[in-house]
Amino acid sequence: MEFTHIFVLLVLGISIVSLAFAGYLARFVLNHDMGTQEMQRISSAIKEGAEAFLKRQYSTIIMLSVFLAALIFILYWFVKENLDMAWRTTVAFLFGAGCSALAGYIGMWISIRSNIRTASAVRYSLDRALKISLRGGAVSGITIVAMSLLGVVLLFILYGGLSVNSEVVKRVPFLIVGYGFGASFVALFAQLGGGIYTKAADVGADLVGKVEVGIPEDDPRNPAVIADLVGDNVGDCAGRGADLFESTAAENIGAMILGVTLFPHFGIKGILFPLVARAFGLIASMVGVLVVGLRDDREDPMSALNRGYYVTCILATIGFAIASYMLLRVEGSSSWIWLFTAGFIGIITSIVFVYITQYYTEYRYRPVRLIAEASQTGPATNIIAGLSVALECTALPVIVISAAIIAAYYCGVKGLSDFPDISKIGAGLYGTAVATMGMLATCAYILAEDTFGPITDNAGGIVEMSKQPEEIRNKTDRLDAVGNTTKALTKGYAIGSAALAAFLLFSAYLDEVTHIVGYPFHSVDIAKVEVFVGGLLGAMLVFLFSALAIRAVARAAYYVINDVRAQFRENPGILQGTAKPDYARCVDIVTRGALKEMVPPGILAVAMPVVVGLVFKQFGLGAETVAAFLMVGTIGGILVATMMNNGGGAWDNAKKFIETGMYGGKGSETHKAAVVGDTVGDPFKDTAGPSLHVLIKLLSTITLVLAPLFI
């Protein structure tokens with residue numbers, strides 16, 4: 001067996017062990033009791049609603065995926081007359097789409113079974129509840145990253161990655177880009193549909209429940225409360241699961257494509273490096289999850305989660321160093337040290353992004369307190385202050401990402417300076433690719449923290465609706481507050497990794513065009529009028545897509561608000577507590593509304609880069625115009641997503657800060673103003689913002705797949 005084959009087996013082995021470990025965690029969660037009959041009744045309603053939504057949503061996504069797969073096959077076969085490329089790309093697309101859909105379902109499946117067990121456990125031990133909720137989230141996180149890795153390596157093997165013919169090996173990464181596109185396509189609709197659902201239900205529940213009739217959050221008298229709890233699972237779990245699945249898949253493939261450039265020096269090792277580095281990151285994440293636990297019930301749960309994150313970062317750094325030494329070391333060169341440094345820059349960048357997001361979204365700091373203070377004079381000043389914070393919070397992340405890209409670029413240049421046949425640009429781009437891999441090394445742990453959020457949110461709702469004692473609700477409130485923070489941190493991490501990855505994938509696009517045309521294609525001339533227009537269209541897409549996503553929430557929320565008002569009007573006994581609302585009716589209404597509204601923005605995102613490429617191909621500038629479209633669209637997407645994610649999180653926590661008793665507390669006019677502001681921020685942070693993460697990478701993967709058609 002060749003030495004390089006051992007690395008392939010290592011990646012396969014770690015992926016399979018990771019899936020087995022996820023099974024162990026699932027068993028740990030499912031072995032805990034499910035609480036009282038009333039708690040189980042509420043949990044069952046959430047479970048049924050989530051499964052019904054996902055069944056309907058995936059039926060729509062499957063139809064769209066099959067149609068697009070057929071279109072890809074036809075375009076490659078008839079336009080490029082390349083049957084081999086047609087069937088390989090189509091199969092990879094369908095495989096990526098199927099795995100992405102499965103990843104989203106797994107995230108939702110474990111979440112709706114962990115919430116009830118967390119709610120039950122918190123009655124006895126906060127530490128036990130913390131472990132159940134995090135390990136439930138880790139089932140999703142570890143499974144998703146392991147499946148993403150396994151899918152890429154299996155396609156690599158099946159398409160000839162272990163061939164003795166080096167030309168065949170170098171061609172393989174270009175054949176499997178369809179896998180990343182399929183994952184991105186499903187992730188976009190999963191995130192859009194789930195995001196529209198969760199925010200439509202949340203807005204409807206809050207505006208009628210809190211503002212109009214003055215009942216608490218998660219009050220069982222609110223007909224939209226079950227729909228709201230269902231939304232946490234289909235948006236934050238299923239949607240984000242598909243999102244991060246496609247992130248890791250797309251970045252692995254993009255880095256492998258750049259590794260082809262270095263084949264004369266590293267051979268197949270340069271192509272396999274992203275997979276080995278990701279596998280070691282999985283091991284680090286598994287250890288990080290296991291070390292999380294409270295020293296006593298007085299310890300802040302966030303401290304325990306941070307402890308696990310720092311352990312994960314340290315072990316991921318060690319793993320990255322080992323992978324760099326094993327795969328990127330060349331005798332007489334210090335290349336592996338410089339490339340490891342680029343990866344370490346990525347890991348540090350992820351930590352910095354966590355702190356920046358905390359600063360803008362936690363009520364311990366100035367931005368959130370500024371919004372809460374402005375709420376004293378009404379909803380208008382709350383919204384003005386919130387928008388100012390949302391716009392301000394783009395500055396620090398952009399500065400950090402810019403510094404990371406430049407530092408990693410020059411690490412690549414320095415590390416590969418001993419190889420004169422590699423251009424400065426090519427060497428620098430590989431350095432940024434390695435930094436992206438470093439930032440995503442802790443992805444599984446971060447995703448576990450993300451899924452932890454909706455699990456604890458649901459647990460709090462179950463405790464509230466089953467009328468548990470106040471001290472139990474206080475404990476779930478502690479976990480829920482931490483869950484809100486981890487969800488915000490994950491969004492910050494996701495956009496940071498998307499920013500680094502977007503540059504990586506843009507570079508991979510340039511490399512693919514170079515591979516196709518046979519001469520260097522490493523510059524885009526924005527002074528050409530067609531290319532400038534392509535860039536302008538890319539920026540416009542970001543704003544139009546965001547507008548459609550936010551409008552979709554408004555339309556779907558309209559259905560929910562009308563139904564809640566109608567139920568209160570038709571049955572006065574609901575508010576008096578003598579009759580139960582019709583939860584299922586509300587769930588069905590928001591499901592139909594969300595699925596109807598997710599299609600237009602999704603179709604726009606997929607169709608526009610294809611249309612731009614094919615139209616400007618007629619001017620002889622298809623590939624270059626698409627490059628400008630991709631580059632400017634990516635920059636615009638990063639800025640707008642950062643604004644929406646952090647701005648929405650700040651609005652949300654300003655409301656929660658007031659609910660602690662500040663400025664009049666719950667029920668005050670200040671609180672009502674903050675609820676209105678949070679309603680504005682909700683579609684920002686949970687619908688349009690997260691969907692833009694996927695859009696950025698979808699633009700990259702679709703242009704990678706269809707690049708041959710633009711030339």
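This one's a predicted model, so the numbers in the text were calculated from it and none came from an experiment.
- Looking only at side-chain heavy atoms (C-beta outward), Val389 and Val368 stay at 4.5 Å or farther from each other.
- When atom types are taken as modelled, the side chain of Thr394 and the backbone of Leu391 share a donor-acceptor pair closer than 3.5 angstrom.
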Worksheet item: Passes side chain to side chain contact (heavy atoms under 4.5 Å, CB included), Ile446 versus Thr312? Steps please.
Response: CA-CA 10 Å; Ile446 292 289; Thr312 302; over 6 Å; no
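- Scanning both residues, Ala549 and Ile196, for their nearest heavy atoms gives O-CG1, 4.4 Å.
- Formation of a donor-acceptor pair under 3.5 Å by the Ser148 side chain with backbone atoms of Ile144 is not found in this model.
- Side-chain contact check for Glu392 and Tyr360: at least one donor-acceptor pair (N or O, by modelled atom type) lies under 3.5 Å.
- Judged by distance alone, the side chains of Asn382 and Trp651 do bring a donor and an acceptor atom under 3.5 Å apart.
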Worksheet item: Going through the checks in order, is the side chain to side chain contact (heavy atoms under 4.5 Å, CB included) test met by Ile345 and Cys411?
Response: CA-CA 10 Å; Ile345 288 168; Cys411 282; 3.9 Å; yes
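- Nearest heavy-atom pair, Val542 versus Gly637, reported as atom, atom and distance to 0.1 Å: CG2-N, 3.6 Å.
- There is no side-chain donor-acceptor pair under 3.5 Å between Tyr359 and Arg364.
- Taking CD of Gln358 as the reference point, atom CE of Met302 lies at 5.5 Å (rounded to 0.5 Å).
- Between Met644 and Thr687 the shortest side-chain heavy-atom distance does not fall below 4.5 Å.
- In plain terms, the two heavy atoms of Ser335 and Leu328 that are nearest each other are OG-O, 2.9 Å.
- With hydrogens and angles ignored, the 3.5 Å screen pairs a side-chain donor or acceptor of Ser350 with a backbone N or O of Ile347.
- Checking side-chain atoms of Ser100 against main-chain N and O of Ala183 turns up a donor-acceptor pair under 3.5 Å.
- A donor-acceptor distance shorter than 3.5 angstrom exists from the side chain of Thr436 to the backbone of Thr432, with no hydrogens or angles considered.
- Between Ile142 and Ala22 the shortest heavy-atom distance is CG2-CB, 4.4 Å.
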Practice prompt. Please test Glu362 against Thr357 for side chain to side chain contact (heavy atoms under 4.5 Å, CB included), starting from the C-alpha separation and ending with a verdict.
Written response: CA-CA 8 Å; Glu362 282 194 17; Thr357 307; over 6 Å; no
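- Side-chain atoms of Thr456 and Thr476, non-hydrogen and from C-beta on, never get closer than 4.5 Å to each other.
- Distance CD/Glu659 to CG/Asn653: 10.0 Å, rounded to 0.5 Å.
- Side chains of Ile322 and Met326 form a contact here, defined as non-hydrogen atoms less than 4.5 Å apart.
- No donor-acceptor pair closer than 3.5 Å links the side chain of Ser111 to the backbone N or O of Met108.
- Counted within 6.0 Å of CZ on Phe344, heavy atoms from surrounding residues, nucleotides or ligands total 12 or fewer; the atom is thus considered open.
- Remark: Tyr105 OH to Ile110 CD1 distance equals 11.0 Å, nearest 0.5 Å.
- Taken from CG in Asp450 to CD1 in Ile455, the straight-line distance is 10.0 Å, to the nearest 0.5 Å.
- Just one residue in the list Leu479, Asp127, Asn306 forms a side-chain contact (heavy atoms from CB on, under 4.5 Å) with Pro301, and that residue is Leu479.
- Separation of atoms CG (Leu134) and OG1 (Thr451) is listed at 9.5 Å; rounding is to 0.5 Å.
- Below 30°, between 30° and 60°, or above 60°: for Phe340 and Phe320 the angle between ring planes is between 30° and 60°, a tilted geometry.
- Between Phe684 and Ser546 the shortest side-chain heavy-atom distance does not fall below 4.5 Å.
- Nearest heavy-atom pair, Ile132 versus Ser114, reported as atom, atom and distance to 0.1 Å: CG2-O, 4.1 Å.
- The CD1 atom of Ile399 lies 8.5 Å from the CD1 atom of Ile356; values are rounded to the nearest 0.5 Å.
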Determine all donor-acceptor pairs shorter than 3.5 Å in which one atom belongs to a side chain in residues 271-293; sequence neighbours excluded.
from: Arg278; atom 1: NH2; to: Asn252; atom 2: OD1; distance (Å): 3.0
from: Ser285; atom 1: OG; to: Gly281; atom 2: O; distance (Å): 3.1
from: Ser285; atom 1: OG; to: Tyr445; atom 2: N; distance (Å): 3.4

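- The number of heavy atoms from other shown groups lying within 6.0 Å of OH (Tyr365) is above 12.
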Practice prompt. Start with the C-alpha gap between Leu699 and Phe629, add the side-chain angles, then the distance that decides, and say whether side chain to side chain contact (heavy atoms under 4.5 Å, CB included) holds.
Written response: CA-CA 9 Å; Leu699 293 180; Phe629 177 89; 3.9 Å; yes
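- Residue pairs that meet the side-chain hydrogen bond (donor to acceptor under 3.5 Å, both in side chains) test with at least one member in residues 639-648, sequence neighbours left out, are Asn645-His693.
- By the 4.5 Å heavy-atom criterion applied to side chains, Leu150 and Met147 are not counted as neighbours.
- Side-chain contact between Val413 and Trp338 is absent, with no heavy-atom pair separated by less than 4.5 Å.
- A salt bridge links Arg307 to Glu299: at least one charged side-chain nitrogen sits closer than 4.0 Å to a carboxylate oxygen.
- At a threshold of 4.5 Å between non-hydrogen side-chain atoms, the residues Leu305 and Glu449 count as touching.
- When all heavy atoms of Trp336 and Ser324 are compared, the pair lying nearest together is CB-O, 3.4 Å.
- Under a cut-off of 6.0 angstrom, the local environment of OH in Tyr310 is crowded, with over 12 non-hydrogen atoms contributed by other residues, nucleotides or ligands.
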